[in-house]
Engineer: 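Pasting in a structure now, in structure tokens, and then I'll have a few things to ask.
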Amino acid sequence: KSPSRRRAPTATRTRGRSSKPAACISLLLDEGFRDVVAIPGPDAEENHWGNSIILARGRSRDLGEAGAWSEHGPGRWVIFGDRRGRGERLAELLAERGQVCLLVRDGTQPHGESSATVFIDPTDPDAYRDVLHRVLRDAEVPCKGVVHLWTLDEPTGGNDTAEEPGGSEDRGCRSVLYVVQALVGAGALRLPRLWLVTRGAQPAGGEVSRGGLVHAPVWGLANVIAMEHPDLRCARIDLDPLTVEDDNHTLFDEVWSGDREDQVAYRTGVRYAARLVRTRFPVSVPTTIAGVDAVPRQLEIDKPGMLDS
């Protein structure tokens, strides 16, 4: 992960001809871009200029500004709320902006349900379908988003055991799967955007959270969802494992902004997004295996088709 970057045009044309990388870099810097680099660099041979790729960091933008969702009036949001109140706080912030929110909690409520909160069995796929189909069929108030926070209830501390990830499936991958199946099966002309929220699942900012292992499978499933159901515009938000109490507004800003980034992580107040970055291996990395000469070798198995061989 690296801080959000904006890709500049791969070729900037002036006077009808493709400019040299140095001229393109200068133009981008004049326009307010930062950290501009060209691959290959400005010193490359002239016949390589037309194939140069130029990357630049764009102007910073405050996600707290008026979100893209505000341009389309009131909408309905379904929030699978966690047990620490982030779902309620997100619903409050959305309601302040004229949105209608339905909070989905796991379990049962002795005194029945309200118009703003429903309780379901996290292991029952029919329960997900009943809730989401009812919301999606409301023609008066379109459903704009579904935010899944249940994964945040799973442990991420340093005392996690090997058995815990298996016990977290009902509120993690299994519930995400049931949500996706219910959304896709609703037959809606336009599906709401899906946000999946985890904590410490990604090695962003040079930090790796051991406890995030429990949340990491949700990101793997989300990658599949993004490929198989692009109409859900599945977004992944990985919160900082060290700032558990101070991320309510961070979560709201990310959801309300309508930003197109679909893989975002927060660490110590810095927002990271998925990017390809140039990597340099240390000089000390060996190029040959110790005790083996540099002659090319081919590995063969005794019996093709046998996994044990």
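Atoms considered below: every heavy atom in the structure, side chains included; atoms not considered: hydrogens, waters and symmetry mates.
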Engineer: Side chains of W219 and L196, heavy atoms from C-beta outward: is any pair under 4.5 Å?
Structural biologist: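 Contact flag for W219/L196 side chains = no.
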Engineer: Are L177 and V146 in one and the same hydrophobic cluster, where Ile, Leu, Val, Met, Phe, Trp and Tyr link if side-chain heavy atoms are under 4.5 Å apart?
Structural biologist: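 Shared cluster, no.
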Engineer: I'd like to know if V147 and V100 are part of one continuous hydrophobic network [Ile/Leu/Val/Met/Phe/Trp/Tyr, side-chain heavy atoms within less than 4.5 Å].
Structural biologist: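 Different hydrophobic clusters.
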Engineer: Less than 4.5 Å apart, any side-chain heavy atom of Y128 and any of V104?
Structural biologist: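 Sidechains of V104 and Y128: no contact.
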Engineer: With a 4.5 Å cut-off on side-chain heavy atoms, are V118 and R134 touching?
Structural biologist: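 Side-chain contact under 4.5 Å: yes.
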Engineer: I need the minimum non-hydrogen distance between L94 and C101, along with the two atoms involved.
Structural biologist: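 That would be CB-SG, 3.6 Å.
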Engineer: Testing the basics here: between H215 and R199, what is the closest heavy-atom pair and its distance to 0.1 Å?
Structural biologist: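 Smallest interatomic distance, heavy atoms only, reads ND1-N, 2.9 Å.
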Engineer: Look at the side chain of D35 and the backbone N and O of R57, then say whether any donor-acceptor pair between them is shorter than 3.5 Å.
Structural biologist: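 Not a single qualifying donor-acceptor pair exists.
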Engineer: Could you tell me which non-hydrogen atom of R267 sits nearest to which non-hydrogen atom of L239, and how far apart they are?
Structural biologist: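 It is NH1-O, 3.4 Å.
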Engineer: Could you check whether R271 pairs with D253 (Lys NZ or Arg NE/NH1/NH2 to Asp/Glu carboxylate O, under 4.0 Å)?
Structural biologist: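 Here R271 does not pair with D253 in a salt bridge, since their nearest N and O are not under 4.0 Å apart.
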Engineer: Is D262 salt-bridged to R236, cutoff N-O under 4.0 Å?
Structural biologist: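 Yes, this pair counts.
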Engineer: What are the two closest heavy atoms between F119 and G107, and how far apart are they?
Structural biologist: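 For F119 and G107, the tightest heavy-atom pair comes out as CB-O, 3.1 Å.
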Engineer: Please report the interatomic distance OH(Y266) to CD1(I237), rounded to the nearest 0.5 Å.
Structural biologist: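 CD1 of I237 is found 7.0 Å from OH of Y266.
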Engineer: State, to 0.1 Å, how close P192 and C143 come at their nearest heavy-atom pair, and which atoms those are.
Structural biologist: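 Nearest heavy atoms, P192 then C143: CB-O, 3.5 Å.
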Engineer: Taking the side chain as C-beta and beyond, is there a heavy-atom pair between L152 and R84 under 4.5 Å?
Structural biologist: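 A side-chain contact is absent here, since even the closest heavy-atom pair is not under 4.5 Å.
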Engineer: Grouping I, L, V, M, F, W and Y whenever their side-chain heavy atoms are under 4.5 Å apart, do V224 and L232 come out in a common cluster?
Structural biologist: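 No.
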Engineer: Show your working on side chain to side chain contact (heavy atoms under 4.5 Å, CB included) between I120 and D130 and close with a plain yes or no.
Structural biologist: CA-CA 10 Å; I120 67 171; D130 291 342; over 6 Å; no
Engineer: Below 4.0 angstrom, N of the basic side chain to O of the carboxylate: do E140 and R76 qualify?
Structural biologist: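 No, E140 and R76 are not salt-bridged.
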Engineer: Taking Q99 for its side chain and R97 for its backbone only, find out whether a donor-acceptor pair lies under 3.5 Å.
Structural biologist: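 Confirmed, Q99 side chain pairs with R97 backbone.
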Engineer: Would you say V180 ends up clustered with L102 if hydrophobic residues are merged whenever their side chains have heavy atoms under 4.5 Å apart, either directly or through other cluster members?
Structural biologist: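 Shared cluster, yes.
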Engineer: Identify the two heavy atoms, one from V179 and one from F80, that lie closest to each other, and give their separation to 0.1 Å.
Structural biologist: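 Heavy-atom minimum between the residues: CG2-CZ, 3.7 Å.
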Engineer: Is it the case that over 12 heavy atoms from other parts of the model lie below 6.0 angstrom from the CD atom of E96?
Structural biologist: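 Yes, enclosed.
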Engineer: Could you grab the distance from atom CG of L183 to atom CG of L136, nearest 0.5 Å is fine?
Structural biologist: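 Going from CG on L183 over to CG on L136, the span is 6.0 Å.
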Engineer: Could you grab the distance from atom CG of L29 to atom CZ of R34, nearest 0.5 Å is fine?
Structural biologist: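 Reported to 0.5 Å precision, the distance equals 11.0 Å.
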Engineer: To the nearest 0.5 Å, what is the distance between OG1 (T151) and CG (D238)?
Structural biologist: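 Going from the OG1 atom of T151 to the CG atom of D238 covers 10.5 Å.
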Engineer: So does H148 get a backbone contact from the side chain of W195, meaning a donor-acceptor N/O pair under 3.5 Å?
Structural biologist: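 Not confirmed, W195 side chain does not pair with H148 backbone.
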Engineer: Can you tell me how far the CG atom of L191 sits from the CG atom of L132, to the nearest 0.5 Å?
Structural biologist: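 Answer for the CG-CG pair, L191 versus L132, is 10.5 Å.
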Engineer: For Y272 and Q202, does a side-chain donor sit closer than 3.5 Å to a side-chain acceptor?
Structural biologist: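 Their side chains do not contain a donor-acceptor pair, so the 3.5 Å distance test is not met.
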Engineer: Pick one: which of D106, L90, D153 meets side chain to side chain contact (heavy atoms under 4.5 Å, CB included) with D82?
Structural biologist: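 For D82, the side chain to side chain contact (heavy atoms under 4.5 Å, CB included) test succeeds with only one of D106, L90, D153, which is D153.
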Engineer: To the nearest 0.5 Å, tell me how far H249 NE2 sits from R89 CZ.
Structural biologist: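 With rounding to 0.5 Å, NE2 (H249) is 4.5 Å from CZ (R89).
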Engineer: Would you say the side-chain atoms of D240 pair up with the backbone N or O of T268, donor to acceptor, closer than 3.5 Å?
Structural biologist: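 Answer holds: yes.
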